[in-house]
There are 2 protein chains.
Amino acid sequence: MEIDGTPYRTIWVETPGRSVGIIDQTKLPHRFETVTLASLEDAARAISDMLVRGAPLIGATAAYGMALAASEDPSDAGLARAYDRLYRTRPTAVNLRWALDQMRALLDNRAEGERAALAWARAAEICDEDVEISKAIGRNGLPLIEAIAVTKPAGEPVNILTHCNAGWLATVDWGTATAPIYMAYEKGVPVHVWVDETRPRNQGASLTAWELGRHGVPHTLIADNVGGHLMQHGLVDLCITGTDRTTARGDVCNKIGTYLKALAAEDNGVPFYVALPSTTIDWTVEDGVAEIPIEQRGGEELTRIAGRAADGQVVEVDIAPEGVAVRNDAFDVTPARLVTGLITERGVAEASKEGLAALFER
Amino acid sequence: MEIDGTPYRTIWVETPGRSVGIIDQTKLPHRFETVTLASLEDAARAISDMLVRGAPLIGATAAYGMALAASEDPSDAGLARAYDRLYRTRPTAVNLRWALDQMRALLDNRAEGERAALAWARAAEICDEDVEISKAIGRNGLPLIEAIAVTKPAGEPVNILTHCNAGWLATVDWGTATAPIYMAYEKGVPVHVWVDETRPRNQGASLTAWELGRHGVPHTLIADNVGGHLMQHGLVDLCITGTDRTTARGDVCNKIGTYLKALAAEDNGVPFYVALPSTTIDWTVEDGVAEIPIEQRGGEELTRIAGRAADGQVVEVDIAPEGVAVRNDAFDVTPARLVTGLITERGVAEASKEGLAALFER
């Protein structure tokens with residue numbers, strides 16, 4: 001998408017065979033800075049220090065990490081070390097593992113001299129594939145927005161609520177939850193996005209509001225507490241969120257707080273959609289609440305925050321009583337019964353075993 | 001309640017007839033500072049600058065403001081000016097108006113020479129009455145906690161979730177939502193409180209976590225997004241919140257986000273109680289969602305936050321993209337159907353027209 005008029009992806013080749021560029025997402029929304037990754041180690045650190053985040057973008061960065069490694073040391077031992085180094089950065093990220101396995105399968109039985117070129121080509125392909133998946137999600141979700149738009153008085157936008165960042169910054173381009181929104185915007189369908197702040201890491205305020213703003217999509221930042229009230233007053237036409245993991249029966253494990261918005265949507269008859277690449281469906285899990293272990297993260301995510309001080313410097317401040325006990329669950333599970341539909345690259349599925357099976361012929 | 005072992009109220013006489021003391025709540029949780037109010041103007045500023053907040057405490061401060069005014073200038077004109085000055089500080093605060101009217105009714109037909117003494121006595125009485133109301137709420141709510149405690153394995157606490165600050169800091173002592181909790185704690189019933197951060201003003205993190213911690217009540221700070229997930233996993237035994245305004249049929253207008261927690265409580269079979277002095281019941285309103293106008297506050301409450309920097313200084317930082325549009329609804333309405341019961345100074349009422357009417361014989 002665009003940043004103040006300039007088209008960007010979240011990862012791109014700077015010097016073919018030598019370096020790739022990324023946006024340092026830890027600096028957003030305070031500073032827009034790009035960073036050059038010129039080595040395996042650079043790529044590994046970009047993932048582990050969360051300069052890049054979002055499952056698809058982590059996968060793409062890992063793929064380029066393997067390409068950078070193949071340029072540095074294409075031996076079997078070198079690639080094995082690279083695989084391990086990258087895998088250890090975020091061992092629970094499904095796309096990371098998938099991208100690394102793709103690269104390993106491709107390179108394993110090839111001559112050392114061929115490996116770098118193959119790796120760079122495959123990494124580029126993985127990025128392009130990700131863009132195609134996002135665009136397919138966008139195309140499949142767009143009619144849901146258009147169907148509401150035709151019911152609105154002229155000039156009134158379709159109001160869409162989203163939670164966390166399932167935007168283009170989390171993917172290579174377009175995003176998942178945002179893909180239908182960007183497509184509607186590009187097509188001239190009036191849209192307006194309610195952006196949940198998304199405590200404790202504030203991905204909504206820091207990333208979603210930033211990327212929508214830079215591209216020009218109308219949006220309003222709200223506290224996570226506000227969405228239900230807006231729905232009670234008819235100010236939300238539909239919700240679209242992303243998901244980190246979807247079960248075979250359509251339960252959705254996503255950023256903490258998603259479940260509360262889904263409850264409010266149900267209580268007010270607001271459609272609640274979840275956008276996802278089918279790679280995030282975990283066919284081995286049925287009951288998300290009972291079966292999915294939820295990552296517990298450090299309390300300082302809630303008690304400490306970075307912001308711009310009056311002098312323009314970005315500083316961290318502590319905002320809670322010193323030494324307070326904190327519980328910080330990173331995700332929650334929204335039961336399928338609260339999900340109106342799953343927007344995938346293959347189409348929109350009912351959030352049920354049957355709905356998903358029909359679309360994916362399993 | 002106690003602050004690190006020392007008993008406090010939120011407002012107290014320092015020099016009889018001359019000055020009262022308060023806690024500067026704008027400094028919490030970073031610094032504990034008391035402030036002396038030695039004039040009408042001091043009292044008015046304490047209210048308008050929110051050094052004191054919470055309906056009952058605002059009322060008590062206004063009463064002492066009138067007492068300070070009666071000491072300065074007990075003439076009819078002087079008291080009329082004082083009434084106006086104090087009323088203008090927070091014109092929508094029901095308790096403020098009530099306290100001022102109490103003072104005016106008392107002083108109107110008395111000789112100037114008597115007025116100061118009468119005013120100081122009545123202000124003290126208003127404070128004591130507020131404490132009695134909180135204690136009655138506590139006594140009426142305590143059995144709800146005790147009933148759960150007996151079902152728990154030995155040593156396991158009753159887990160209570162609360163939102164915003166309806167604690168002793170919002171009243172003269174004991175609080176409303178916290179009164180049953182403090183009573184249970186004093187009685188040795190094991191309790192543990194999940195404290196919602198309460199964006200955007202963070203009253204949970206700044207005030208509730210602070211006051212529970214200083215008194216010694218076990219508690220854990222959570223993001224507003226977390227409560228539903230905890231309920232799904234059986235980690236919340238009951239919810240108790242306060243309310244700013246309750247309708248004749250039991251709809252509850254409280255801090256934004258209360259509605260989402262009530263939805264989650266209903267979805268998981270967790271009892272959801274609201275504690276209130278009956279003075280906050282608005283018998284003229286039935287349908288809270290349709291009839292209660294919700295205050296819109298400035299966006300900087302969401303985009304700017306104060307915290308302790310590394311050097312110990314309290315600084316304000318901006319945490320959202322520059323110039324982002326913000327919507328900041330201060331309250332929402334929880335429909336009576338989601339409220340298990342209303343804990344009042346007269347007893348626990350069903351959240352319905354019949355339930356409230358039975359308790360208050362209207």
Side-chain angles (χ1 to χ4, degrees), chain A residues 28-30 194 197-200 202 205-206 209-210 213 218-230 232-233 255-261 263-264 267 289 294 299 302-310 314-329 331-333, chain B residues 28-30 194 197-200 202 205-206 209-210 213 218-230 232-233 255-261 263-264 267 289 294 299 302-310 314-329 331-333:
Chain A
L28 297 176
H30 309 300
W194 297 112
E197 180 182 34
T198 318
R199 294 284 293 150
N202 294 38
S206 297
W210 185 86
H219 64 283
T220 303
L221 179 65
I222 53 175
D224 298 309
N225 285 322
V226 178
H229 166 69
L230 296 179
Q232 285 179 315
H233 290 271
K255 183 61 46 184
I256 189 79
T258 303
Y259 167 54
L260 294 172
K261 293 302 139 58
L263 284 169
D267 199 46
V289 173
I294 300 295
L302 189 62
T303 61
R304 181 167 294 179
I305 198 163
R308 299 181 302 279
V314 175
V315 296
E316 288 198 329
V317 295
D318 289 314
I319 57 174
E322 265 188 274
V324 69
V326 175
R327 180 172 166 129
N328 182 13
D329 302 86
F331 305 98
D332 65 19
V333 173
Chain B
L28 298 176
H30 309 300
W194 297 112
E197 181 183 34
T198 318
R199 294 286 292 150
N202 294 38
S206 298
W210 185 86
H219 64 282
T220 303
L221 180 64
I222 53 176
D224 298 309
N225 286 321
V226 178
H229 166 69
L230 296 180
Q232 285 179 315
H233 290 272
K255 183 61 48 187
I256 189 80
T258 304
Y259 167 54
L260 293 172
K261 293 301 140 58
L263 284 169
D267 200 45
V289 173
I294 300 296
L302 190 61
T303 61
R304 181 166 293 180
I305 198 163
R308 300 181 300 280
V314 175
V315 294
E316 288 197 330
V317 295
D318 288 314
I319 58 173
E322 266 188 273
V324 69
V326 175
R327 180 171 166 131
N328 182 13
D329 301 86
F331 305 99
D332 66 18
V333 173

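Just so it is clear: chains get the letters A, B, ... in the order the sequence lines come, proteins before strands, and each one is counted from 1. What's counted below: heavy atoms across the whole structure, side chains too, no hydrogens, waters or symmetry copies.
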Leading residue by heavy atom contact count with chain A [cutoff under 4.5 Å; candidates [options]]:
{"options": "B:A309, B:G307, B:A310", "answer": "B:G307"}
{"options": "B:D329, B:D267, B:T198, B:V289", "answer": "B:D267"}
{"options": "B:I305, B:I256, B:D332", "answer": "B:I256"}

Taking C-beta and beyond as the side chain, do [X] and [Y] meet within less than 4.5 Å on heavy atoms?
{"X": "A:K255", "Y": "B:N225", "answer": "no"}
{"X": "A:V324", "Y": "B:H219", "answer": "yes"}
{"X": "A:D224", "Y": "B:L260", "answer": "no"}
{"X": "A:R199", "Y": "B:V226", "answer": "no"}

Using a 4.5 angstrom heavy-atom cutoff, name the option from [options] with the most pairs to chain B.
{"options": "A:I222, A:T303, A:T258, A:V315", "answer": "A:I222"}
{"options": "A:V333, A:V314, A:L28, A:N202", "answer": "A:V333"}
{"options": "A:G257, A:A306, A:G323, A:P218", "answer": "A:G257"}

What are the two closest heavy atoms between [X] and [Y], and how far apart are they?
{"X": "B:W210", "Y": "A:P321", "value": "N-CG, 3.9 Å"}
{"X": "A:L263", "Y": "B:A264", "value": "CD1-CA, 3.5 Å"}
{"X": "B:L221", "Y": "A:A320", "value": "CD2-CB, 3.8 Å"}
{"X": "B:L302", "Y": "A:E197", "value": "CD1-OE1, 3.7 Å"}

Between [X] and chain B, which part of the residue has a heavy atom less than 4.5 Å away: side chain, backbone, both or neither?
{"X": "A:Q232", "result": "both"}
{"X": "A:H233", "result": "side chain"}
{"X": "A:I294", "result": "side chain"}

### Task
Tell me, yes or no, whether the heavy-atom count around A:R304 atom CZ, taken from other residues, nucleotides or ligands under 6.0 Å, exceeds 12.
no
